[in-house]
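We name chains A, B, ... by the order of the sequence lines, and we start the count at 1 in each one.
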Amino acid sequence: MGSAMNEDLIYEILSVVGEIPAGCVATYGQIARLIGRDKNARLVGKVLSMAEYYGKFPCHRVVNHCGRTAPGWAEQIDLLRREQVFPNENGRVDLKKYQWNHMA
DNA sequence: AATATGACCGAAA
DNA sequence: TTTTCGGCCATAT
């Protein structure tokens, strides 16, 4: 049987993650908003922490609202660099520059 | 049942 | 400008 968490919600989140184009990043809150749950950013993080279990998604393109990458996942930086997304010295992604604008 | 924690956010002070 | 604080949902203790 499935997990305790609502799987429809999980796939709703992961399908949005799958639409983030290479060379861009999205924030947890942005994804939450795109699925009509603007206050549920933490849930997005929770789902992404076990995303591998559900399939292959570009989770490395998700950062927090400060542009900070996920703790304990150093490889995320390398994956972003391969897509021409370069963090500053502080290890943060410049959201002004790289944040996915799905309206564009 | 109650409290604390987490890949978080945004408004208010 | 920065700092503080409440909110939201699922899990762990």
> Shared ILVMFWY cluster between A/W73 and A/Y53, side chains joined below 4.5 angstrom?
Replying inline: no

> Do A/Y28 and A/L79 share a hydrophobic cluster, counting only Ile, Leu, Val, Met, Phe, Trp and Tyr and linking them when any side-chain heavy atoms are less than 4.5 Å apart?
Replying inline: no

Non-hydrogen side-chain atoms of [X] and [Y] separated by less than 4.5 Å:
X: A/P58; Y: A/V17; value: yes
X: A/D78; Y: A/H60; value: no
X: A/L80; Y: A/P87; value: no

Between [atom2] of [N] and [atom1] of [X], the distance in whole Å:
X: A/Y54; N: B/dA7; atom1: OH; atom2: P; result: 17 Å
X: A/R33; N: B/dC8; atom1: CZ; atom2: P; result: 16 Å
X: A/I13; N: B/dC8; atom1: CD1; atom2: P; result: 14 Å
X: A/R68; N: B/dG6; atom1: CZ; atom2: C1'; result: 16 Å
X: A/R37; N: B/dC8; atom1: CZ; atom2: P; result: 18 Å
X: A/I31; N: B/dG10; atom1: CD1; atom2: P; result: 12 Å

> What interatomic distance, in whole Å, is found between P of B/dC8 and the corresponding atom of C/dT1?
Replying inline: 23 Å

>> Roughly how many Å apart are C/dT3 and B/dA7, using the P atom of each and rounding to a whole number?
In response: 24 Å

Table of protein N/O atoms under 3.5 Å from nucleotides 5-8 of chain C N/O atoms:
unit_1 : atom_1 : unit_2 : atom_2 : d
C/dG7  : O6     : A/R42  : NH1    : 3.3
C/dC8  : O4'    : A/K39  : O      : 3.3
C/dC8  : N3     : A/R42  : NH1    : 3.2
C/dC8  : N4     : A/R42  : NH1    : 3.3

> Which nucleotide in the list C/dC9, B/dG10, B/dC8 gets nearest to the side chain of A/N64?
Replying inline: B/dC8

> Which heavy-atom pair separates A/A70 from A/Q76 by the least distance, and what is that distance?
Replying inline: N-OE1, 2.8 Å

> Where do A/C59 and A/L48 come nearest, in terms of heavy atoms and distance?
Replying inline: SG-CD2, 4.0 Å

>> Just to be sure I understand the geometry, which residues of residues 69-98 of chain A put a non-hydrogen atom under 4.0 Å away from DNA chain B?
In response: A/A70, A/P71, A/W73

Contacts under 3.5 angstrom, residues 29-43 of chain A side chains, donor-acceptor by atom type, not counting sequence neighbours:
unit_1 : atom_1 : unit_2 : atom_2 : d
A/Q30  : OE1    : A/T27  : N      : 3.2
A/Q30  : OE1    : A/Q99  : NE2    : 3.0
A/Q30  : NE2    : A/W100 : O      : 2.7

>> For a side chain to side chain contact (heavy atoms under 4.5 Å, CB included) check, start with the C-alpha distance between A/I20 and A/V25, then their side-chain angles and the critical distance, and finish with the verdict.
In response: CA-CA 7 Å; A/I20 306 170; A/V25 298; 5.8 Å; no

> So which one's nearest nucleotide on DNA chain B is more toward 5', A/T27 or A/K46?
Replying inline: A/K46

> Would you say B/dC8 has OP1 or OP2 under 4.0 Å from some side-chain N or O of A/H65?
Replying inline: no

